[in-house]
Amino acid sequence: MTTAEHTVIAETPASISRPSTPDSKPPLTKLSPSPETTPPPEDANDTKVEPSSPVDKANGIADADIIDMTIFNQIIELDEDETHEFSMGMATAYFAQAEQTFKDMDIALNEKGLQKLSSLGHFLKGSSAALGLHKVQALCEKIQHYGLKRDEEADENLTGEESLSRIKTLRLQVKQEYDIAEKWLKKWYDTNATAAPDEEAS
């Protein structure tokens with residue numbers, strides 16, 4: 001009889017101790033969120049420090065719509081100092097070439113010179129690609145093809161009038177994209193290029 005009594009007594013605490021556990025759960029759930037919410041802000045701060053390119057710091061993400069950052073950073077790496085004399089010289093020469101090319105395009109359009117327009121489009125495409133101005137480059141490539149009476153995207157030939165009509169439209173578009181790129185480049189050099197020592201002395 002005593003053994004039976006012992007077994008009953010041993011079983012009852014187990015059944016009594018189980019309902020008491022729900023009372024201990026709420027404090028555990030209250031403690032768990034606080035350590036989990038603290039790490040995310042630290043990770044967010046770390047990612048903000050990652051951009052090391054002067055282009056990214058000075059101008060931001062939207063600049064990728066104007067210029068290929070990889071190409072532009074490679075050009076900047078060729079500069080010997082913070083004056084950015086070499087790359088600025090490239091940009092200045094490009095501005096002069098582009099402005100003259102637009103004038104020549106207008107003359108060729110008036111004369112309906114498709115071969116000349118194709119050549120001018122090819123020329124400006126190459127110089128724009130060298131600086132990473134991908135939108136100007138893409139539009140000039142279309143002018144190059146239309147000057148050859150070809151629509152490469154549709155894989156079809158064009159008439160002379162169709163080609164001239166499309167080039168007239170592209171001529172306006174490419175000038176707009178060029179103006180945006182020119183403004184971006186000039187602003188970047190105004191912000192990031194330091195004056196040469198002789199210029200500072202004067």
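One is the number of the first residue; the rest follow in order along the sequence. Worth knowing before you read on, the calculation uses all heavy atoms, side chains too, and leaves out hydrogens, waters and symmetry mates.
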Residue pairs, two or more places apart or on separate chains, that pass side chain to side chain donor-acceptor pair (under 3.5 Å) and touch residues 108-120: none
Any Glu182 side-chain heavy atom under 4.5 Å of Tyr94 side chain: no
Close side-chain approach of Leu133 and Phe72, heavy atoms under 4.5 Å: no
Sole residue of Leu114, Asn157, Leu164 in side chain to side chain contact (heavy atoms under 4.5 Å, CB included) with Lys149: Leu114
For the student: nearest non-hydrogen atoms of Met69 and Ala64, plus distance: CE-N, 3.8 Å
Close side-chain approach of Asp79 and His84, heavy atoms under 4.5 Å: yes
Leu139 with Leu158, same ILVMFWY side-chain cluster at under 4.5 Å: yes
Separation of Lys186 NZ from Thr191 OG1 (nearest 0.5 Å): 14.0 Å
Heavy-atom side-chain contact between Leu185 and Ile67 under 4.5 Å: yes
Heavy-atom check, side chain of Phe102 versus side chain of Arg171, under 4.5 Å: yes
Any Met105 side-chain heavy atom under 4.5 Å of Ile143 side chain: yes
CD/Glu85: more than 12 non-hydrogen atoms of other groups inside 6.0 Å: no
No-hydrogen, no-angle side-chain donor-acceptor test under 3.5 Å, Tyr189 and Ser87: yes
Steps toward side-chain contact (heavy atoms from CB on, under 4.5 Å) verdict (His122, Lys125): CA-CA 5 Å; His122 175 74; Lys125 177 190 75 173; 3.8 Å; yes
Salt bridge flag under 4.0 Å for residues Asp179 and Lys175: yes
Where Gly121 and Cys140 come nearest, the two heavy atoms and their spacing: O-CB, 3.4 Å
Separation of Asp65 CG from Lys135 NZ (nearest 0.5 Å): 5.0 Å
Nearest-0.5 Å distance, CG of residue Asp68 to CG of residue Asp63: 12.0 Å
Flag side-chain contact, heavy atom, 4.5 Å: Trp188 against Ile76: yes
Joint cluster assignment, Ile107 & Leu109, ILVMFWY side-chain distance < 4.5 Å: no
Minimum-distance pair of heavy atoms, taken over all atoms of Asp151 and Arg166: OD2-NH1, 2.7 Å
side-chain contact (heavy atoms from CB on, under 4.5 Å) evaluation trace for Glu153 with His145: CA-CA 10 Å; Glu153 292 180 355; His145 292 153; over 6 Å; no
Transitive ILVMFWY side-chain link Leu148 to Val174, under 4.5 Å: no
Non-hydrogen side-chain atoms of Ile71 and Leu131 separated by less than 4.5 Å: no
Test log, rule side-chain contact (heavy atoms from CB on, under 4.5 Å), inputs Tyr146 and Glu162: CA-CA 9 Å; Tyr146 291 160; Glu162 287 174 337; over 6 Å; no
Straight-line distance of Asn73 CG to Leu78 CG, nearest 0.5 Å: 11.0 Å
Atom pair CD/NE2 of Glu141 and His134 - distance to nearest 0.5 Å: 14.0 Å
Between CZ on residue Phe95 and OG1 on residue Thr92, distance to nearest 0.5 Å: 6.5 Å
